[in-house]
Structure formats: structure tokens, C-alpha cells
Amino acid sequence: MNVSIDSKELEVRRKKLLFRGGHRGTKENDILIGRFMEAHLATLSEEQLERFEILMNDVPDADFFKWATGKEQAPEEYDTDVLHMIQELSNAR
């Protein structure tokens, strides 16, 4: 029974991220994040969801764009597998 509750909680978190990711404030970030969510959101682990939530909630748009496009190196605490996944999609244009 605990597993289904966890699954429901993860689904709610994914839906919130889907909304938040599509409303970052800049069109460029919306596109980058949209590509990432389309490719990976449904399969992210709970830990990866946490790292994605941190990027969405704590990082200003300008910093996120620089890191996601490789124009600047992200600080260690944000330089995660999730950011690398976003970077791979941004380079695949």
C-alpha cells in the first residue's frame, strides 16, 4: 500500500514540475526544459525529481540558461546528472 501512495506522490510532483517547467519566464528556458520533460520526466527517479525541483525552484533563469547551454559551469551543488541530461538535449539541436 505504501508503494501506491509513493507512486501517487511522485505523479503529483511530476505534474507540478510539468507546469513549473513550462512557465519559467523566458521562452528559451521553456523550450529547453520542455524538451527535457518530454524526454525524461516520466522516468526520473525520486532522487532525480528532487534534483530537478531544486533547479526549477532555486536557480534564476539567467543562471539556468547559462548552465544548461554550457556557457558557464554550474556550481558543484547544481552540477548533477539531471543538469547533464538537460545539457545533452540542448546540444542536440
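The distance from the CG atom of Asp63 to the CG atom of Leu55 is 11.0 Å, given to the nearest 0.5 Å. With values rounded to the nearest 0.5 angstrom, His84 atom NE2 is found 13.0 Å from Leu89 atom CG. In this structure, Trp67 CH2 and Asp79 CG are separated by 9.5 Å, a value rounded to the nearest 0.5 Å. Atom CD in Glu88 sits 7.5 Å away from atom CE in Met85 (nearest 0.5 Å). Taking CG of Leu83 as the reference point, atom CD of Gln73 lies at 8.5 Å (rounded to 0.5 Å). Put simply, CD on Glu50 and CG on Leu44 are 11.5 Å apart, with the number rounded to the nearest 0.5 Å.
Of all non-hydrogen atoms in Ala68 and Ser90, the two that sit nearest each other are O-OG, 2.8 Å. The shortest heavy-atom contact between Thr43 and Gln48 is O-OE1, 4.3 Å.
Atom CD of Glu77 sits in a crowded spot, with more than 12 heavy atoms from other residues, nucleotides or ligands closer than 6.0 Å.
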Between Leu41 and Leu49, does a side-chain contact (heavy atoms from CB on, under 4.5 Å) hold up when you go through it step by step?
CA-CA 8 Å; Leu41 188 61; Leu49 279 175; 3.9 Å; yes
Under the criterion side-chain contact (heavy atoms from CB on, under 4.5 Å), I'd like the reasoning laid out for Thr26 against Phe64: C-alpha separation, chi angles, the key distance, then a yes or no.
CA-CA 11 Å; Thr26 63; Phe64 177 83; over 6 Å; no
Show the numbers, then the answer: is there a side-chain contact (heavy atoms from CB on, under 4.5 Å) between Thr80 and Phe52?
CA-CA 9 Å; Thr80 66; Phe52 186 49; over 6 Å; no
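Put simply, the side chain of Asn91 gets close to the backbone of Gln87: a donor and an acceptor are under 3.5 Å apart.
The salt bridge (charged side-chain N to carboxylate O under 4.0 Å, His left out) test applied to Glu47 returns no partner, not counting sequence neighbours. Here Glu72 pairs with Lys66 under the salt bridge (charged side-chain N to carboxylate O under 4.0 Å, His left out) rule; sequence neighbours left out.
Between Thr69 and Leu32, some side-chain heavy-atom pair lies under the 4.5 Å cut-off.
In this structure, Met37 is a member of the same hydrophobic cluster as Ile54, with clusters built from ILVMFWY side-chain heavy atoms closer than 4.5 Å.
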